[in-house]
Amino acid sequence: MWRARAAAACVVCRSLVNSSYEVKGKSPLQKLHLVSRSIHHPHFLSSKFQSPLLRTSIQQFSSFNRLSLRKTKLLSVKYGFQPHRNFWLARLTFRLLKLRYLVLGSAVGGGYTVKKTYDQWKEMLPDLSEYKWIVPDFIWELDEYIDFEELRKALPDAEDLARLLPDFTKIGESFSSLKGFFLPGSPGETAFRATDQGYENDKQYKKQGLLGELILLQEQIQEHEEEARRAAGQYNTGSSQQKRKVSDKEKVDQLQEELLQTQLKYQRILERLEKENKELRKLVLQKDDKGIHQRKLKKSLIDMYSEVLDILSDYDASYNTQDHLPRVVVVGDQSAGKTSVLEMIAQARIFPRGSGEMMTRSPVKVTLSEGPHHVALFKDSSREFDLTKEEDLAALRHEIEIRMRKSVKEGCTVSAETISLNVKGPGLQRMVLVDLPGVISTVTSGMAPDTKDTIFSISKAYMQNPNAIILCIQDGSVDAERSIVTDLVSQMDPHGKRTIFVLTKVDLAEKNVASPNRIQQIIEGKLFPMKALGYFAVVTGKGNSSESIDSIKEYEEEFFQNSKLLKTCMLKAHQVTTRNLSLAVSDCFWKMVRESVEQQADAFKATRFNLETEWKNNYPRLRELDRNELFEKAKNEILDEVISLSQVTPKHWEEILQKTLWERVATHVIENIYLPAAQTTNSGTFNTTVDIKLKQWTDKQLPNKAVEVAWETLQEEFFRFMTEKKGKEHDDIFDKLKQAVKEESVKRHKWNERAEDSLRVIQHNALEDRSISDKQQWDAAIHFMEETLQGRLKDTESVIEDMVGPDWKKRWLYWVGRTKEQHIRNETKNELEKMIRCNEDHAAYLANDEVTTVRKNLEAKGVTVDPCLIKDTWHQVYRRHFLKTALSHCNLCRRGFYYYQRHFVDSELECNDVVLFWRIQRMLAITANTLRQQLSNTEVRRLEKNVKEVLEDFAEDTEKKVKLLTGKRVQLAEDLKKVREIQEKLEAFIEALHQEK
């Protein structure tokens, strides 16, 4: 097409030349436009008129190509002057449009290139957004209180850090054995991501320096991998290149050594960043602890979670709401190093230890949290143990050992009771671990027969929790076939979705194991049937119990740095050291918590609804009082009842004391004092006998009897107030508790020992007084004597009736008869009554000949009687005769007060027995008054004090309260309180967990 156009243009040119021949001095081609000349006649030479050639693409879209080729008269111009046409505006528009397309195309292409470069750079950075929740809230507020710009200037820059690195140009591009260390989806991904957590916190103020250097280190390690892989491939190809193989082997060894050094430097940089981060956190926590920011510190997330676990440990799941909250369960064979691993994670030697013997006798729950000071404390104690001081560490180990031994019941070796311990310190990974007793294969001497089964049941109870993370500890220094715990773990977690395997004592294993590949098989999970999320190898010391945590860390780092296991790539760098282990365990723990805690909260919410519904249906008018609240209510009632003792009137006390004391001593007075004295012949002998008997009685028995009566009276009144029902307000749920408090208080109460001595003097003085001052007292004595004798006579006749059987009226009316023994006694009684009627002044005792006479008289009637039966019957018959005679004499003495005042001069009436009873009555009144004063002033207060002490002791004894406050109502209220508390704390924990995200 271009050729056709050129030919047509030439024809036009010739026609123009021919038609304008008359113009002189002008070249024919000069009549053409400059553009046409330049296009169609490129050979035309003109230094002044020749312009640069235009691109053909521009010519295609030029309007000049379509101009009409008609005859035109051109203006004559001078040589060297460009012919002028009126198209300058079109040329200007054309050039501007050309510039717009160039700028627009450059902008689009450049923007796409910049975006692609930015995306490639962004993909090189590790994704650390998942670990922002690990950093506490106050870290994001550090810029308010710390000048990070000054801190950044103080840190080494990228150039200084680069000087520490080896010459990477000699190393190569990559190394195959550690490629999986940085690729997603590899077995070490969890541990590496947990390791990156340490510098995630420092990323906020070191974005320009150390983070970039760490990424550079990471890239250089990948280059080591590729280079080492190529060298190894060259080393393994061809059998004819023996010399080259030797050099390649040396190159591989050199690359491995340089790669190991690079990884160690990478690890040291991370440790330094974590150390600086720990110091910053410690500084901030110390400022908050001193109240510098004038704000109340929130309870840490792990402490909130630990409180929930503590409550759940005491909760009895009566409604099938089991505890499925995550915790790290540390299991292993005995002496496998469980406790040592836990101590390395806690960074303190906190557990008791022994050589080969069982030391962990009960589960120990250890809550690790971050704090400004490295301390430990029990949940039920306020004492803090400073873990930086050896004396506090020794005291803590001793306290744990004592608590373990107390928890073990008699006849047992281990206990399921959990000991809760909180450990705080800067840089500790937040998690909850439970150290269980070591699994044993044989029960040795000194152990209970069921020790093995008990340990298995305790371990299964913790591991069967579907959300529990199992930290399986295996001793690397013994044969793997001797392990028991691996089979147990594989049964509880057959798929290994929540198991982390830890091989301890790797230093001993490397020395003792003939084939190092065996350790590699264990770490790779090929030797044991169990499966696990991750495998770790650690060293927890040289076996010396006095080693410090820092020295153990140095020894572990030095061992793995020089270990052939790591140099020969049998172990990967992220699978060694307890530090990497703790990071990985903490990461798994919080991941499990986030996945399961809300489900547990919903389960307890449903349980709470069921319990509340049951309470409303069974106890609609009662408040939901748990066991502690019920105890406080019962305590107040008991104290009110004790106070009521002080409100008893003195008259009531004295009446009860006097009556009870006389009932206790009446028999002794009648039988041992009054009856023997009445056998005398005159009043002088009577009074002498009475004085002697009373003196003996006062010195030996009477004060003690009086104190016993007072103490029993106090108990009876106390019991009466305690057991008195208060109508509809009475709650029988307190009866067992009140009875126990009453018995324990009475058991602890001791009467004042000096009371008997003072009481003896008072009673002796009262009995020595014989002067009756007025007729009223005389009549009172007569009444007292008559009442006493009538009561005794009634009792005696009742005894005789039981001896001889019913009389003829009862036999006739009630159709009852006498037994053979009653018949014999009745005949004996009749004979003895005949003897008394013959001699009314008969002595109180029968003579032997009189007994023989009675026996023979009865034998004559055909009744065979034993002499002992005759004497026994005589005692009751004579007593009745004596009491009747005394009553008759008492009636005669009613008018004897006048003769008494005259000392019975010129009178046959003698009323010395009335004076005796007046002395007894006065002694009883004085004694009752004295005891009443002692009760009111001393003993009631002492009893009240004892009751308070007993209640305080019971309040601290949980087992006692559970035993005394029982019933469906109590248990339902107790469960409802626990479930509410658990649900509320879980909701608070979930809210804090979301806020931390």
Side-chain angles (χ1 to χ4, degrees), residues 327-368 397 400-401 404 413-416 418-421 423 429 431-441 451-452 454-456 458-463 468-478 480 482-489 492-493 498-509 522 528 530 532 534-541 543 545 547 549 552 556 577-579 581-582 584-586 588-589:
R327 69 264 283 164
V328 181
V329 180
V330 186
V331 296
D333 299 327
Q334 183 179 352
S335 301
K338 303 189 306 346
T339 302
S340 299
V341 171
L342 193 55
E343 287 180 336
M344 290 295 291
I345 296 176
Q347 300 182 15
R349 308 300 294 269
I350 57 179
F351 290 103
R353 54 186 52 83
S355 56
E357 62 175 320
M358 179 182 293
M359 298 305 298
T360 306
R361 297 180 178 270
S362 65
V364 181
K365 181 177 75 68
V366 181
T367 302
L368 301 180
R397 291 192 290 266
I400 293 176
E401 185 175 2
M404 285 184 180
T413 306
V414 294
S415 170
T418 304
I419 299 174
S420 183
L421 180 68
V423 178
Q429 299 299 319
M431 67 183 95
V432 177
L433 305 102
V434 181
D435 185 22
L436 299 180
V439 179
I440 60 175
S441 58
T451 301
K452 179 180 177 181
T454 303
I455 294 175
F456 267 85
I458 294 174
S459 301
K460 288 181 178 180
Y462 277 92
M463 288 191 292
I469 299 171
I470 303 173
L471 195 62
C472 180
I473 309 298
Q474 170 65 32
D475 189 350
S477 63
V478 300
R482 295 169 57 186
S483 175
I484 307 173
V485 71
T486 52
D487 294 335
L488 180 61
V489 172
M492 306 308 297
D493 184 24
R498 52 189 180 89
T499 301
I500 296 177
F501 182 84
V502 182
L503 186 68
T504 61
K505 306 178 183 179
V506 183
D507 52 342
L508 299 179
I522 295 176
F528 291 111
M530 60 171 290
Y535 298 82
F536 291 87
V538 299
V539 175
T540 56
S545 60
E547 287 181 292
I549 295 296
I552 295 176
E556 183 183 40
T577 72
T578 52
R579 178 184 167 278
L581 170 65
S582 63
V585 172
S586 177
C588 293
F589 170 75

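From a predicted model like this one, the values you see are computed outputs, not experimental measurements. These values consider heavy atoms only, across backbone and side chains, with no hydrogens, waters or symmetry-generated copies.
No side-chain heavy atom of Val366 sits less than 4.5 Å from a side-chain heavy atom of Val432. Within the 4.5 Å cutoff, no side-chain heavy atoms of Val423 are placed close to those of Thr367. You'll find the side chain of Leu503 stays beyond 4.5 Å of the side chain of Tyr535, heavy atoms only. Side-chain contact check for Lys460 versus Ile458: every heavy-atom pair is 4.5 Å or farther apart. Contact annotation: the side chain of Ile419 never approaches that of Pro363 to less than 4.5 Å [non-hydrogen atoms, C-beta and beyond]. Arg361 is not listed as a side-chain neighbour of Pro437, based on a closest heavy-atom distance of 4.5 Å or more.
Note that CE of Met344 is 8.5 Å distant from CZ of Arg349, once rounded to the nearest 0.5 Å. Taken from CD1 in Ile345 to OG1 in Thr540, the straight-line distance is 11.0 Å, to the nearest 0.5 Å. Note that CD1 of Ile484 and CZ of Phe456 are 6.0 Å apart. Values are rounded to the nearest 0.5 Å. Between the CE atom in Met492 and the OG1 atom in Thr499 there is a gap of 10.0 Å [rounded to 0.5 Å].
For Asp333 (side chain) and Val485 (main-chain N/O), a donor-acceptor pair under 3.5 Å exists by modelled atom type. Checking side-chain atoms of Glu556 against main-chain N and O of Thr578 turns up a donor-acceptor pair under 3.5 Å. Judged purely by atom type and a 3.5 angstrom limit, Asp493 uses its side chain to pair as donor or acceptor with the backbone of Arg498. In this structure, the side chain of Glu343 engages the main chain of Ile350 through a donor-acceptor pair within 3.5 Å.
With sequence neighbours left out, Thr413 forms a side-chain hydrogen bond (donor to acceptor under 3.5 Å, both in side chains) with Thr451. When the ring pair (Phe, Tyr, Trp, His ring centres under 6.0 Å) test is applied to Phe589, the partners found at least two apart in sequence or on another chain are Tyr305. In this structure, the side-chain hydrogen bond (donor to acceptor under 3.5 Å, both in side chains) partners of Arg397, at least two apart in sequence or on a different chain, are Glu390. Listed by chain and number, the residues in a salt bridge (charged side-chain N to carboxylate O under 4.0 Å, His left out) with Asp475 are Lys505 (sequence neighbours excluded). Take Lys452 and apply the side-chain hydrogen bond (donor to acceptor under 3.5 Å, both in side chains) test, not counting sequence neighbours, and it matches no residue. Residues meeting the side-chain hydrogen bond (donor to acceptor under 3.5 Å, both in side chains) test with Thr418, sequence neighbours left out: Tyr462.
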